[in-house]
Amino acid sequence: MRDILIVANWKANKTKDEAWDWFEKFEKAKIDTTGKEIIICPPYTLLAKANYLVSENNLKLKIGAQDVSEFETGAYTGEISASQIKEFVQYVIIGHSERREYFHESDEALSKKVSNAISANVLPIFCVQSENTKIPIGVKIVAYEPIAAIGTGNSETPVDAEKIAKTIKDKNKEVAYVLYGGSVTDQNVKDFINMPNISGVLIGGASLDSPEFIKILQAC
Ligand code: PGA
């Protein structure tokens with residue numbers, strides 16, 4: 001059996017001290033992570049710190065970025081390129097609905113981001129909002145995140161999420177993992193990951209508090 005993927009998306013949250021506190025509590029809990037690939041995605045400002053804390057404390061966690069530039073290294077003020085994030089991460093979230101909505105990211109820009117990440121050996125976790133969202137070539141991990149379920153407390157039903165996950169896999173033969181994201185908690189996580197075509201979850205709000213996140217991991 002393959003590991004289930006648990007992705008924590010911290011969004012624009014946490015200072016250095018808050019991140020330190022999160023990792024310290026996680027370390028103290030000494031939880032069993034067997035069978036789980038746990039990927040923490042802090043903001044760019046914390047990638048170096050998170051990477052340091054994970055290796056220093058030998059934590060069984062991977063680090064991911066929340067985005068990457070569609071441009072390669074060069075004169076693009078404010079951008080962060082794939083070859084820069086690859087020093088700190090193994091994964092990158094691409095195409096989150098918040099990026100599509102607030103930053104108007106197009107399918108074309110998202111394809112470039114995916115291709116830059118893959119060239120840098122960083123695995124994209126590509127977010128889709130429905131089974132019809134275009135998935136760029138090379139994507140193996142997809143996170144299905146219905147907009148109405150994000151940050152609302154109203155998760156999709158596991159049965160409906162499973163149907164979409166199956167359709168995504170049927171339509172996109174390269175996709176090996178479909179994750180579900182949107183109001184995942186310790187109460188509902190098991191129902192999602194028990195579905196045959198759902199290989200893990202992407203967690204926003206409930207990943208910010210270390211004890212709450214640990215409860216989710218223990219419920220898997
Ligand atoms: P949520 O966010 O868990 O807070 O609903 C999910 C996401 O945006 O990835």
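Heavy atoms only: backbone and side chains are in, while hydrogens, waters and symmetry mates are out. Both ligands and their constituent atoms are indexed starting at 1 by order of listing. Residues take their numbers from the sequence shown, with the count starting at 1.
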Basic-acidic side-chain contact under 4.0 Å: K113, E70 = no
Answer with yes or no whether the side chains of Y91 and E37 bring together a donor and an acceptor at under 3.5 Å.
-> yes
Protein residues that have a heavy atom under 4.0 Å from any atom of ligand 1, sorted by chain and number = N9, K11, H96, E145, A149, I150, G151, G182, S183, L202, I203, G204, G205
Kindly determine whether D107 and R100 satisfy salt bridge (Lys or Arg N to Asp or Glu O under 4.0 Å), including the steps that lead there.
-> CA-CA 9 Å; D107 286 345; R100 293 178 196 255; 3.7 Å; yes
Sidechain N-carboxylate O distance under 4.0 Å for E131, K163 | no
Only pairs at least two apart or in different chains count here, so list each ring pair (Phe, Tyr, Trp, His ring centres under 6.0 Å) that has a residue in residues 98-157.
-> none
Scan side-chain atoms only and decide if E27 and N57 contain a donor-acceptor pair under the 3.5 Å cut-off.
-> no
